[in-house]
Amino acid sequence: MSNWIVYFSAGLGSMLAITALALVGQHEQEYWLLMAAFGASCVLIFVLPESPLAQARNVIAGHFITALVGVVFVELAPLNAFSLGTATGLAVMLMMYTKTVHPPAGANPLFIMLTGQGWTFLLFPVLTGAICLVLIGRAYHLLRTRALYKNKKAEHSG
């Protein structure tokens, strides 16, 4: 398969995933299923789907754990350089401890703390959006694999 087809496929999958989250979660100029880190998650899900960092457990739990850290810090700590660094370090440590490392999720504590997000942010967009991204990624790769299999089968039978 040509590199351009691989590139196009990864870009198309990412575009479809983010578009789907935006359409489903759109309400009066707000997109309650989107956060910037999901764009980075798409890189792993659609470019490196076999990577341990792109597996469902890592994507979902990694985002949830780091977002939880961010919300706890919003609730309990003043916003300053030390709390931002501590929250990020704790989030990375917890992802490593739980074996749910997902690099894009490392941005969550910073975003959550800098924007003052609350407990509902854990459900929408973090948990719901991460689950949707994983499901869309799985469906996309399944359809793509079947299409490639059909093409190869047709080439060999003809």
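All values derive from a computational prediction rather than experimental measurement.
Counting only residues at least two apart or in different chains, side chain to side chain donor-acceptor pair (under 3.5 Å) contacts with residues 11-21 are absent. Sorted by first then second residue, the ring-ring contact (aromatic ring centres under 6.0 Å, His included) pairs that include residues 7-31, not counting sequence neighbours, are Trp4-Tyr7. Residue pairs meeting the ring-ring contact (aromatic ring centres under 6.0 Å, His included) criterion with at least one member in residues 70-96, sequence neighbours excluded, do not occur.
Contact record, Val126 with Phe38: O-CZ, 3.7 Å, taken as the closest heavy-atom pair. In terms of heavy atoms, Val74 sits closest to Gln117 at CG1-O, 3.6 Å. Here the closest non-hydrogen pair linking Tyr140 and Leu16 is CE1-CD1, 4.0 Å. When all heavy atoms are compared, the tightest approach of Thr98 to Ile65 is OG1-CD1, 3.4 Å. Between Ala22 and Leu34 the shortest heavy-atom distance is CB-CD1, 3.7 Å. In this structure, Ala20 and Ile136 approach most closely via the heavy-atom pair CB-CD1, 3.8 Å.
Once rounded to the nearest 0.5 Å, the distance linking CE of Met113 with OG1 of Thr86 reads 8.0 Å. If you take CD1 on Ile60 and CG on Leu135, they are separated by 7.0 Å, rounding to the nearest 0.5 Å.
Taking 4.5 Å as the limit, some side-chain heavy atom of Ile5 sits within range of a side-chain heavy atom of Ser2. Side-chain contact between Leu142 and Arg146: present, with at least one pair of heavy atoms (C-beta onward) separated by less than 4.5 Å.
Sparse packing is recorded around CD of Glu50, with 12 or fewer heavy atoms of other residues, nucleotides or ligands lying under 6.0 Å away.
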List, one per line, each side-chain donor-acceptor pair under 3.5 Å for residues 101-111, sequence neighbours excluded.
| unit_1 | atom_1 | unit_2 | atom_2 | d |
| --- | --- | --- | --- | --- |
| His102 | ND1 | Leu53 | O | 2.8 |
| His102 | NE2 | Ser41 | OG | 2.7 |
| Asn108 | ND2 | His63 | O | 3.3 |
| Asn108 | ND2 | His63 | ND1 | 2.9 |
| Asn108 | ND2 | Thr66 | OG1 | 3.0 |

Could you pull out every donor-acceptor pair under 3.5 Å between side chains of residues 87-95 and any protein atom, sequence neighbours left out?
| unit_1 | atom_1 | unit_2 | atom_2 | d |
| --- | --- | --- | --- | --- |
| Thr88 | OG1 | Leu84 | O | 3.0 |

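Follow the hydrophobic side-chain contacts under 4.5 Å out from Leu68 and you reach Leu79 in the same cluster. In terms of hydrophobic clustering, with Ile, Leu, Val, Met, Phe, Trp and Tyr side chains grouped at heavy-atom distances under 4.5 Å, Met35 and Leu114 are assigned to a common cluster. Cluster membership for Leu33 and Ile131, using ILVMFWY side-chain heavy atoms within less than 4.5 angstrom, is shared. Linking Ile, Leu, Val, Met, Phe, Trp and Tyr whenever their side-chain heavy atoms come within less than 4.5 Å leaves Val47 and Ile45 in two separate clusters. Under the 4.5 Å side-chain heavy-atom criterion for Ile, Leu, Val, Met, Phe, Trp and Tyr, Leu127 and Leu122 are members of the same hydrophobic cluster.
Applying the ring pair (Phe, Tyr, Trp, His ring centres under 6.0 Å) criterion to Phe124, with sequence neighbours excluded, gives Trp32.
For Arg57 (side chain) and Lys99 (main-chain N/O), a donor-acceptor pair under 3.5 Å exists by modelled atom type. A donor-acceptor pair is defined here as one N or O able to donate and one able to accept, closer than 3.5 Å; no such pair exists between the side chain of Thr128 and the backbone of Pro125.
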Inset, instruction - For Cys132 and Val24, run side-chain contact (heavy atoms from CB on, under 4.5 Å): C-alpha distance rounded to whole Å, both residues' side-chain angles, the deciding distance at 0.1 Å, then the answer. - result: CA-CA 10 Å; Cys132 288; Val24 170; over 6 Å; no

